[in-house]
Amino acid sequence: MKINVIGGGAIGLLAAAKLGRFHDVRLLTRTREQSDEITVKGLHLGDEVITVEALPAADWQDLGQPHVWIVCVKQYDLQAIWEKLKLHANAAVVFLQNGMNHTDFLQEEEDFDYPLIVGSVEHGALRINSHTVEHTGEAAIRLADLSDLYAEVLVNRLHKPDFPILFEKNWHMMLGTKLIANAVINPLTAIYRVKNGELLEHPAFERIAKVLCNEAADALGLEEEQQWANVRRIINATKANLSSMHRDIQAGRQTEIESISGYVRDHAKQAVPYTDFVYYSILGLTKQQERTYL
């Protein structure tokens with residue numbers, strides 16, 4: 001298949017490298033420097049070097065038409081990308097983002113005749129440099145239809161045993177389950193500056209995590225105890241990891257708090273005081289770190 005991947009972050013590099021072993025992959029990066037590095041040196045994943053065509057965002061028109069687009073940018077960059085992409089996509093578009101804000105505006109779209117697919121990435125990935133990605137946790141990517149019925153067909157064409165891509169029937173359950181875990185783990189580890197596993201090692205942290213989980217599950221209409229069991233499973237599976245929001249705060253980068261805790265707040269049917277607390281705490285920490293890095 002011809003696949004266009006948009007985004008040169010950790011997930012974009014991982015997807016381009018893994019899929020580039022078996023498909024014709026083109027990668028769109030934010031900067032020309034990154035695309036030039038990838039063109040010259042290839043994509044490095046462990047001991048593998050995978051050759052993919054890389055282009056900077058300024059050369060968008062040179063990407064050409066693929067069989068599928070895979071969008072791996074952060075939520076806060078997505079709407080601007082989508083405004084460009086939707087005019088000429090003419091093929092299925094897969095969205096691999098944290099949070100669920102994109103599902104709101106995508107469902108309002110009417111003037112397109114190609115499938116929209118949302119995904120949940122369970123892999124761990126860390127971008128080492130512009131052309132190197134470390135696969136820190138092997139799991140799966142799950143895909144579900146947001147419009148039309150094409151996700152299962154795509155899964156059958158992309159799935160490989162060492163890079164599982166799985167079909168899910170219910171996009172809301174799939175993304176909601178991932179969002180609830182993110183709404184608990186990401187802000188708490190960033191605020192308390194701890195690894196994921198410490199959220200269950202200290203009773204005070206665990207109590208707060210449980211209430212956050214319940215608030216998010218209620219906002220999304222999902223069963224609380226089932227979601228708490230899943231959150232605990234993820235914390236235990238990633239106990240030695242630093243969450244992405246923790247790393248973003250440390251590096252003075254923008255976080256995805258709006259698309260995670262912000263989404264819970266926007267869809268809550270009653271007060272969510274613990275979610276409000278972590279939401280505003282992350283906003284405050286972000287401003288504090290911005291001043292540090294000025």
Side-chain angles (χ1 to χ4, degrees), residues 74-76 78 95-108 118-122 139-140 142-146 166 168-192 194 196-239 241 243-246 248-249 255-286:
K74 298 282 191 179
Q75 277 276 3
Y76 45 75
L78 181 58
F95 297 89
L96 300 181
Q97 278 72 42
N98 278 331
M100 293 177 66
N101 282 1
H102 57 310
T103 63
D104 287 345
F105 68 75
L106 288 173
Q107 289 183 99
E108 296 173 358
V118 289
S120 174
V121 179
E122 299 174 354
R142 300 178 185 274
L143 301 182
D145 292 300
L146 191 66
L166 309 175
E168 295 287 340
K169 293 182 178 180
N170 186 328
W171 71 263
H172 180 79
M173 173 70 81
M174 178 189 75
L175 291 185
T177 297
K178 176 74 178 294
L179 182 140
I180 291 168
N182 282 332
V184 175
I185 298 168
N186 270 297
L188 285 184
T189 54
I191 292 166
Y192 297 127
V194 296
N196 295 357
E198 294 183 57
L199 296 181
L200 296 181
E201 293 172 6
H202 303 287
F205 290 171
E206 184 175 2
R207 181 176 178 180
I208 296 169
K210 179 69 159 59
V211 178
L212 276 176
C213 176
N214 290 347
E215 288 184 354
D218 181 70
L220 298 181
L222 300 177
E223 203 277 321
E224 293 178 4
E225 288 306 316
Q226 182 181 18
Q227 293 303 317
W228 177 237
N230 181 64
V231 169
R232 290 181 59 86
R233 178 187 64 80
I234 293 173
I235 290 173
N236 284 319
T238 63
K239 60 185 178 182
N241 293 3
S243 72
S244 58
M245 194 171 290
H246 188 172
D248 287 340
I249 290 291
T255 73
E256 293 184 285
I257 193 67
E258 290 291 351
S259 62
I260 299 173
S261 300
Y263 187 91
V264 174
R265 296 176 74 245
D266 289 344
H267 289 77
K269 305 167 189 66
Q270 57 189 14
V272 285
Y274 281 65
T275 299
D276 286 342
F277 171 76
V278 298
Y279 173 80
Y280 286 111
S281 295
I282 293 297
L283 291 183
L285 286 172
T286 302

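This chain uses plain numbering: 1 for the first residue, then up along the sequence. These values consider heavy atoms only, across backbone and side chains, with no hydrogens, waters or symmetry-generated copies.
- What you find for L96 and G119 is that their closest heavy atoms are CD2-CA, 3.6 Å.
- Annotation for S281 and I191: closest pair CB-CD1, 3.6 Å, computed over non-hydrogen atoms.
- Applying the salt bridge (Lys or Arg N to Asp or Glu O under 4.0 Å) test to pairs two or more places apart or on separate chains, those with a residue in residues 168-188 are R142-E168.
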Derivation and outcome, side chain to side chain donor-acceptor pair (under 3.5 Å), residues N196 and T238
CA-CA 6 Å; N196 295 357; T238 63; 3.0 Å; yes
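- Using modelled atom types, one finds a donor on one side chain and an acceptor on the other under 3.5 Å when comparing N182 with N98.
- For K74, the salt bridge (charged side-chain N to carboxylate O under 4.0 Å, His left out) criterion is met by E256, not counting sequence neighbours.
- Residue pairs meeting the ring-ring contact (aromatic ring centres under 6.0 Å, His included) criterion with at least one member in residues 208-227, sequence neighbours excluded, do not occur.
- Among residues two or more places apart in sequence or in another chain, the salt bridge (charged side-chain N to carboxylate O under 4.0 Å, His left out) test is passed with E108 by none.
- Side chain of H246 to backbone of V194: a donor-acceptor contact under 3.5 angstrom is found.
- The side chain to side chain donor-acceptor pair (under 3.5 Å) check on S259 picks up nothing, with sequence neighbours excluded.
- Considering only residues two or more places apart in sequence or on other chains, T255 meets the side chain to side chain donor-acceptor pair (under 3.5 Å) condition with none of them.
- Rounded to the nearest 0.5 angstrom, L212 CG and N186 CG are separated by 11.5 Å.
- The shortest heavy-atom contact between P187 and I257 is CB-CD1, 4.3 Å.
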Result block: side-chain N/O donor-acceptor pairs under 3.5 angstrom for residues 199-206, not counting sequence neighbours:
from: E206; atom 1: OE2; to: R232; atom 2: NH1; distance (Å): 2.5

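- Side chain of N170 to main chain of H172: a donor-acceptor pair is present (N/O by atom type, distance under 3.5 Å, no hydrogens or angles).
- Contacts classified as salt bridge (Lys or Arg N to Asp or Glu O under 4.0 Å) and involving residues 212-231 (residues at least two apart or in different chains) are given here: K210-E225.
- W171 places none of its side-chain heavy atoms less than 4.5 Å from the side chain of L143.
- When the side chain to side chain donor-acceptor pair (under 3.5 Å) test is applied to N101, no partner is found at least two apart in sequence or on another chain.
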Start with the C-alpha gap between I180 and N230, add the side-chain angles, then the distance that decides, and say whether side chain to side chain contact (heavy atoms under 4.5 Å, CB included) holds.
-> CA-CA 9 Å; I180 291 168; N230 181 64; over 6 Å; no
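- Partners of Y279 by side chain to side chain donor-acceptor pair (under 3.5 Å), not counting sequence neighbours, listed by chain and number: E258.
- Between M100 and the choices V118, L175, V264, the side-chain contact (heavy atoms from CB on, under 4.5 Å) rule is met once, by L175.
- The salt bridge (charged side-chain N to carboxylate O under 4.0 Å, His left out) test applied to R265 returns D276, not counting sequence neighbours.
- Remark: E198 engages no residue in a salt bridge (charged side-chain N to carboxylate O under 4.0 Å, His left out) (not counting sequence neighbours).
- Of the candidates T189, V278, I260, I185, M245 forms a side-chain contact (heavy atoms from CB on, under 4.5 Å) with just one, namely I260.
- Shown here for L179 and G99, the closest heavy-atom pair between the two residues is CD1-CA, 3.8 Å.
- Test I208, L222, V231 against C213 for side-chain contact (heavy atoms from CB on, under 4.5 Å) and you get one pass: V231.
- Minimum heavy-atom separation, A209 to V184: CB-CG1, 3.6 Å.
- Counting all heavy atoms, side chain and backbone alike, F95 lies closest to L78 at CD2-CD1, 3.9 Å.
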